[in-house]
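Structure first, commentary second.
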There are 2 protein chains.
Amino acid sequence: MPELPEIETFKRYLDHTSLRQKIREVTITRQRILKDVSLRQLAGALKNHSFRGTERHGKYLAVDVGNGKQMVLHFGMTGCLHYVDQDDPDSPYARMIVTFANGHRLDYANKRMLGRVRLVDDFDDLVDELELGPDALEIGADEFDERLRPHGGAIKSTLMNQSLVAGLGNTYTDEILFQARIHPATPVDALSAPERKRIYRMMRKVLRKAIDVQGEPDRMPRSYLVPHRHDGAPCPRGNGIVHRTRVAGRSAYYCPVCQPRPGRKR
Amino acid sequence: MPELPEIETFKRYLDHTSLRQKIREVTITRQRILKDVSLRQLAGALKNHSFRGTERHGKYLAVDVGNGKQMVLHFGMTGCLHYVDQDDPDSPYARMIVTFANGHRLDYANKRMLGRVRLVDDFDDLVDELELGPDALEIGADEFDERLRPHGGAIKSTLMNQSLVAGLGNTYTDEILFQARIHPATPVDALSAPERKRIYRMMRKVLRKAIDVQGEPDRMPRSYLVPHRHDGAPCPRGNGIVHRTRVAGRSAYYCPVCQPRPGRKR
């Protein structure tokens with residue numbers, strides 16, 4: 001699942017390729033990709049306008065069309081953007097195709113069809129409607145602490161809860177907790193204030209590093225968990241073997257030595 | 001993980017876009033994507049030649065360069081091909097870029113860096129070296145039965161063993177066993193001859209259907225497991241709830257009613 005760093009990568013790619021080109025046509029190859037908007041409404045809002053700029057909140061990317069409308073992209077498990085020549089065949093799994101007057105297209109590809117395209121008047125309203133918390137890179141330390149503390153349940157699933165903080169998924173929550181040396185199943189109310197603070201600091205560190213490497217696991221530092229995120233891999237700190245467990249129905253990878261279960265001696 | 005139907009989709013895309021164009025340049029953005037070949041060797045073999053045709057065996061795609069060499073692509077977990085204008089920015093996660101004299105490029109994208117690019121004299125020799133069994137769509141019923149029978153272990157992991165039959169992965173083995181109404185953990189030696197025959201027939205049926213829909217889970221028939229392949233989804237036959245289990249370290253989805261554990265009454 002693309003998380004905050006991958007969406008930020010798509011944002012920069014779109015900024016770099018597709019701004020300020022007159023839009024000639026919008027094609028949808030699979031109706032189900034549209035959420036709360038018809039093709040007619042979407043095409044009507046985009047045609048003869050251009051993308052003016054982009055904004056990201058958590059895993060959502062809003063593209064300003066400059067006429068009071070924003071197109072909002074969610075990428076599901078396998079979404080991607082491809083800027084190609086208009087005469088070229090559709091990218092594999094292209095669901096929405098925006099053709100520009102400059103002879104190019106932007107293909108929104110989404111193999112597993114779990115992403116969605118919306119059209120809204122106000123991105124902030126959508127963020128409210130979806131009950132997204134503050135973006136994980138925008139939230140301040142104090143607000144993070146205030147929002148985290150009252151949450152019940154395990155820290156891993158709490159961090160993945162988009163209404164607490166928006167943008168974290170399965171992979172980066174594992175990394176943040178590895179960096180913070182906290183077991184993923186630790187109940188939030190068992191965390192000390194310094195531990196919560198450490199989680200906040202590591203969240204920022206991990207996300208910034210992941211954006212630097214465009215969300216490519218393989219380019220993350222060797223001291224990170226992500227490149228070793230499989231059962232039986234060596235702990236990047238040399239402390240043991242990476243284990244896989246389930247926390248609230250999701251896979252979690254961790255090092256039992258670096259991240260002991262709460263209550264055990266650290 | 002792309003399996004046989006997805007690789008067949010990439011094969012047809014490459015055939016459709018990239019044959020018979022003079023190759024001007026080959027660029028590698030991440031050295032680690034190359035396996036047993038240097039960039040110099042690869043570029044030397046491709047430059048000024050053209051792709052003549054393609055061949056698929058299991059999850060491997062061979063591209064004939066017409067000078068006695070074949071470039072072999074493996075796609076790992078997240079590979080894809082994109083045919084784009086040469087002046088356009090690199091596709092996100094492009095690892096190998098083949099530039100044609102016709103003003104286009106073929107980008108081989110691979111986010112997680114688990115795919116590989118090779119150069120070989122003879123694809124069949126590579127197939128032997130990798131100990132791949134016959135392609136899952138080429139193998140005959142009798143040979144399949146002969147090869148399957150002596151295998152130990154659970155049917156699911158046996159079908160995923162590329163040396164028995166090449167091309168099946170986690171998703172399609174679940175579908176084949178759902179269609180055949182066989183529990184994924186059934187030991188191969190507990191299967192009857194009619195059950196083995198049924199698995200063979202369902203393997204062909206499932207793969208052909210998946211190729212028809214270009215490996216898009218969402219376009220598979222509603223009576224298939226793939227669109228319901230998550231814990232707690234309703235059984236597509238209305239017989240219960242889809243369960244998730246682990247067979248030899250891999251996730252397996254199945255319906256406990258349609259696919260009872262061996263030994264239990266059906």
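Convention: sequence-line order gives letters A, B, ...; per-chain numbering from 1.
Contacts of B:Tyr83 with chain A are made by both backbone and side-chain atoms, with heavy-atom separations under 4.5 Å. Contact annotation for B:Asp90: only backbone heavy atoms (N, CA, C, O) come within less than 4.5 Å of a heavy atom of chain A. Heavy atoms of B:Leu114 lying under 4.5 Å from chain A are absent altogether. Of the atoms belonging to B:Arg12, not a single heavy atom falls under 4.5 Å from chain A.
When each of B:Arg24, B:His104, B:Arg105 is checked for a side-chain hydrogen bond (donor to acceptor under 3.5 Å, both in side chains) with B:Gln86, only B:Arg24 meets the rule.
No donor-acceptor pair under 3.5 Å is formed between the side chain of B:Tyr224 and the backbone N or O of B:Pro236. At least one donor-acceptor pair closer than 3.5 Å links the side chain of B:Thr29 to the backbone N or O of B:Ala94.
For the options B:Asp87, B:Asp88, B:Leu81, heavy-atom pairs under 4.5 Å to chain A are most numerous at B:Asp88. The greatest number of non-hydrogen atom pairs below 4.5 Å with chain A, out of B:His16, B:Arg30, B:Arg219, is found for B:Arg30.
The shortest distance between side-chain heavy atoms of B:Leu39 and B:Met96 does not fall below 4.5 Å. Residues B:His82 and A:Val84 fail the side-chain proximity criterion, which asks for heavy atoms closer than 4.5 Å.
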